[in-house]
Amino acid sequence: DAKTTQPPSMDCAEGRAANLPCNHSTISGNEYVYWYRQIHSQGPQYIIHGLKNNETNEMASLIITEDRKSSTLILPHATLRDTAVYYCIVRSSSFSSSNTGKLIFGQGTTLQVKP
Amino acid sequence: DAGITQSPRYKITETGRQVTLMCHQTWSHSYMFWYRQDLGHGLRLIYYSAAADITDKGEVPDGYVVSRSKTENFPLTLESATRSQTSVYFCASSDRTATNYGYTFGSGTRLTVV
């Protein structure tokens, strides 16, 4: 699965949009971009995923560039409860004998939402 | 209760002892995973299982043993615990038929080896 690069930390003012970037320049055609977050001491939580189209759900929006080499997770109105480590992960969605679609976590971005 | 549960939440054990961490999910998900998380290392995959009786190594399998006799359970055993295995352990499950192929994680087990 392709590697990802994220900034180690970011700050965001409460109520403002948080834009978290991720580079995945070696992504291949059948690989999806997934975002998870981990609030202190809790298990990681799935946020959103996409292949090439922009995606939106109740938690966030995912913007993937046309060449698919980078993406941005957008939290439209960040709250203090959004303070967490955010992980961008690229993996195949297919469960084959050679690739179970394992999630391999990097270091992520620590987002600090400030009042 | 529906979901994925880990037990115990906290465990202290002595070096050399065998300890088993339990993971139980109620969805009949095919895939289950064990991760460990240490300060400065993020989450690392220990073992995973594609179905009952099918398991395989992840990134850091040494010193661990898993089994999966039933779909809903995926215990992780440290055969002879070492201090380097002090960590927070997370279990996760995933349904291969789910549209998002997302993982659902448990709340974790904090293990201290003294």
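Note that this is a predicted model, so its numbers are computed, not measured. Letters A, B, ... are given to chains in the order of the sequence lines, protein chains preceding strands, and every chain is numbered from 1.
B:Leu21 and B:Ile4 sit in two unconnected hydrophobic clusters of ILVMFWY residues. Membership requires side-chain heavy atoms under 4.5 Å apart, directly or through other members. No path of Ile, Leu, Val, Met, Phe, Trp and Tyr side chains, each step under 4.5 Å between heavy atoms, connects A:Leu103 with B:Leu76, placing them in separate hydrophobic clusters. Under a hydrophobic clustering in which Ile, Leu, Val, Met, Phe, Trp and Tyr are joined whenever their side-chain heavy atoms come within less than 4.5 Å, directly or via other members, A:Met59 and A:Leu62 fall into the same cluster.
The salt bridge (charged side-chain N to carboxylate O under 4.0 Å, His left out) search around B:Glu14 returns B:Arg17, not counting sequence neighbours. Residues forming a salt bridge (charged side-chain N to carboxylate O under 4.0 Å, His left out) with B:Arg44 (at least two apart in sequence, or on another chain): B:Asp38. A:Lys114 pairs by the salt bridge (charged side-chain N to carboxylate O under 4.0 Å, His left out) definition with A:Asp11, not counting sequence neighbours.
Atom CG of A:Leu80 has more than 12 neighbouring heavy atoms from other residues, nucleotides or ligands inside a 6.0 Å radius. Crowding of A:Ile39 atom CD1: a count of heavy atoms from other residues, nucleotides or ligands under 6.0 Å exceeding 12.
Residues of residues 59-69 of chain B having a heavy atom under 4.5 Å from any heavy atom of chain A, listed by number: B:Glu59.
Ranking A:Ser41, A:Gly43, A:Gly106, A:Gly108 against chain B, the residue ahead of the rest is A:Gly43, based on heavy-atom pairs under 4.5 Å.
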Evaluation steps, ring-ring contact (aromatic ring centres under 6.0 Å, His included), between B:Tyr103 and A:Tyr34: CA-CA 10 Å; B:Tyr103 289 21; A:Tyr34 286 76; 8.1 Å; no
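For A:Gln107, the part sitting under 4.5 Å from any heavy atom of chain B is the side chain, from C-beta outward, and nothing else.
A donor-acceptor contact shorter than 3.5 Å is absent between the side chain of A:Tyr87 and the backbone of B:Leu43.
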